[in-house]
Amino acid sequence: MDFWKNVFLTATGILLATASVHANFYAHASATETNVFLGQVFNLDVIVKAAEKPAAPDLGHLEDFNVTLLDAGQATSSTHAWLYRYALRAKREGSLQVPSLRFGNLYTKAVTIRAHTPEQTDRMKLDLQLSRPSVYLSEPVLLTATWDSTYPFGSIKAVDFHFPILNDNRFQTLELYEPDKESQAQITGLPVHGTRVLADRKSYQSEGVQHQSLTFSKLLIPKKSGTITFAPATLLCAAEKEKDMKNANNRRSAFRYPSYFDNTFFDQNVTGGNWLRIYTESAALELEVKPLPFEGRPALFNGMVGNYSIHVEAEPLEVRVGEPVTLTITITAEDHMETIFFEPLRYQPLLVNRFEIPSDRSLPRREGKSKIYTQTIRPLSVSNNEVPPLQLAYFNPASNAYITAQSKSIPLKVSPAEEIGIFGGSAYQTRLRASDVGIRHNYENPDMLKSRRRPLFGWAHPFAVLVFFLLPPLAVGGYSLVSLFGEKRHHIHRTAKAARAYKVFRKNAAHIILSHSMKCEIYGDLDQVLRAYLGDRLHLKPGALSFRDAEGKLTEAGATAQTMEELNHLFALCEAYRFTSHYDEKGDAKMIVREASRIVQAVERTLK
């Protein structure tokens with residue numbers, strides 16, 4: 001009877017322990033915006049805490065939303081917690097619902113979204129153009145976007161561009177190298193996908209109507225072959241109503257600041273009845289991507305497609321074996337320098353086994369349509385009478401063939417390595433010369449054979465021996481005394497930091513409210529402020545502090561389960577936005593900081 005009783009109690013304990021563990025697991029979904037306009041892109045963030053990382057569910061079945069997966073489970077600072085992020089765009093007006101989502105055996109709660117219809121107008125147009133309708137795999141193609149408006153740009157706010165192609169994993173997106181663009185007067189900052197891009201601004205008249213346009217370009221590298229359809233790019237913005245635009249007191253300029261500062265495009269304050277929400281989208285595009293041929297592909301080919309040339313300079317041209325020769329390698333592209341990638345020199349067949357080639361090299365310098373690489377090599381033999389040609393393999397779409405370009409060989413004079421002397425002599429041994437007068441000439445005189453009294457310990461002076469024996473205990477005693485006073489001072493300093501930790505947190509949190517409006521910036525600074533507070537308050541190192549580090553000390557202090565759960569969730573949010581800055585969005589800094597302060601205040605009450 002006792003046996004079955006013990007079995008029952010053990011099984012019950014295991015079930016209760018399992019239930020307790022699973023009670024700490026959750027899936028929490030939240031939308032960055034719950035009141036949106038058609039065409040407006042917002043994020044759905046899901047924080048999942050589970051024993052194992054679940055797969056991201058496919059949301060393509062949602063009828064009311066266009067969905068793009070942005071993050072398929074990024075690790076957070078909490079153990080067994082991951083962030084899943086989706087970009088959503090409402091398809092119809094009304095009260096819409098993101099249903100409960102399943103992550104493993106966990107389910108989120110449904111999220112309600114209210115979608116509104118913006119104004120449709122022919123006064124704004126969004127146009128996308130490709131530099132070529134057909135390209136080869138890895139061949140760069142230029143995507144140019146042009147926003148044309150008869151509304152003055154100074155009367156437009158809350159601009160929200162969405163380009164699905166920029167999140168398409170079938171392409172690699174590169175920025176054009178334009179180092180002086182920011183300083184040009186006609187350049188304006190434009191919000192695209194939560195980031196700032198630099199666009200060229202123009203003004204012109206057409207049929208008696210004043211137009212303004214903004215144009216920017218991105219370089220796309222296709223990674224998959226086939227016919228690819230580009231989904232339409234969309235633009236949602238707020239335009240000031242005509243009657244208010246005519247009022248000189250309300251007129252504003254979007255270009256009061258240089259391009260790298262905010263302008264009115266980034267201003268989300270469009271409350272009141274003086275603004276019209278306007279939506280427009282581009283036409284869809286198609287791009288044919290042809291596969292690269294296998295026949296004739298050289299071993300050095302690394303995926304570069306286009307037309308390129310290579311030029312090499314060497315210095316110095318007279319060296320000894322093992323001395324460095326600096327190579328300056330200039331690779332020039334006919335079209336886009338951004339696609340240049342030169343393999344390390346260890347892959348050059350004519351250099352291997354003839355030169356010592358370091359594995360590290362400096363980053364290339366960019367000039368015009370060229371990238372300039374600098375690296376040293378060291379000749380291994382005097383027979384190396386030249387720097388052999390360096391090879392560059394690429395596919396040329398114009399000739400539909402692989403080409404291996406070569407630099408010119410460079411004459412090199414290599415002499416033997418310099419002799420290294422040993423104890424002032426040559427590296428080569430000389431013959432010993434025998435003395436013909438015997439061993440007695442090793443002594444200066446017969447006095448050398450006399451017996452002499454040796455000092456204490458042979459060579460040491462008695463005072464040196466005394467110092468040798470007394471110095472260690474004196475050093476240990478002094479170190480102990482210094483350590484005692486140091487620990488006392490450190491304890492006092494640490495106690496003082498803990499006492500003022502909450503006051504410092506409140507001061508820094510108030511600064512966040514005044515300084516930031518984007519979620520990445522808000523949560524990024526809040527992450528540092530929170531870690532600094534817990535580090536000072538719990539006597540931990542704030543730099544690498546995580547929720548797990550603070551969990552044990554707070555549990556010992558008697559923190560409630562609710563406080564621990566809220567603190568864990570705050571850590572997860574800070575971590576998520578800290579590592580996903582390219583999916584940034586506007587946030588209410590005051591509300592975020594107020595919620596964080598409430599959690600920290602609960603922690604402070606626990607520790608008092």
Partner set under side chain to side chain contact (heavy atoms under 4.5 Å, CB included) for Gln129, not counting sequence neighbours: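 Result, side chain to side chain contact (heavy atoms under 4.5 Å, CB included) vs Gln129: Asp127.
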
Do side-chain atoms of [X] reach the backbone of [Y] as a donor and acceptor pair under 3.5 angstrom?
{"X": "Ser100", "Y": "Thr108", "value": "yes"}
{"X": "Lys218", "Y": "Leu166", "value": "no"}
{"X": "Arg102", "Y": "Gly104", "value": "yes"}
{"X": "Arg277", "Y": "Leu38", "value": "no"}

Check: Asn508 and Asp525 side chains under 4.5 Å, non-hydrogen atoms: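 Result no, sub-4.5 Å side-chain heavy-atom pair not found.
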
Non-hydrogen side-chain atoms of Phe505 and Val529 separated by less than 4.5 Å: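 The answer is yes; the side chains approach within 4.5 Å.
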
Atom pair CG/NE2 of Leu174 and His336 - distance to nearest 0.5 Å: 10.0 Å

Approximate separation, where rounding is to 0.5 Å, of Asp45 CG and Asp71 CG: 8.5 Å

Sequence neighbours excluded - ring-ring contact (aromatic ring centres under 6.0 Å, His included) pairs with any residue from residues 71-120: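 Residue pairs passing ring-ring contact (aromatic ring centres under 6.0 Å, His included), neighbours aside: Phe37-His116, Tyr84-Phe103.
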
Distance under 6.0 Å and angle within 45° of ring axis: Lys49 vs Tyr26: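 Because its charged atom misses either the 6.0 Å distance or the 45° angle limit, Lys49 does not stack over Tyr26.
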
Plane angle bin for Tyr502 and Tyr533 - parallel if under 30°, tilted between 30 and 60°, otherwise perpendicular: perpendicular

Side-chain ion pair, Arg92 and Glu63, N-O less than 4.0 Å: no

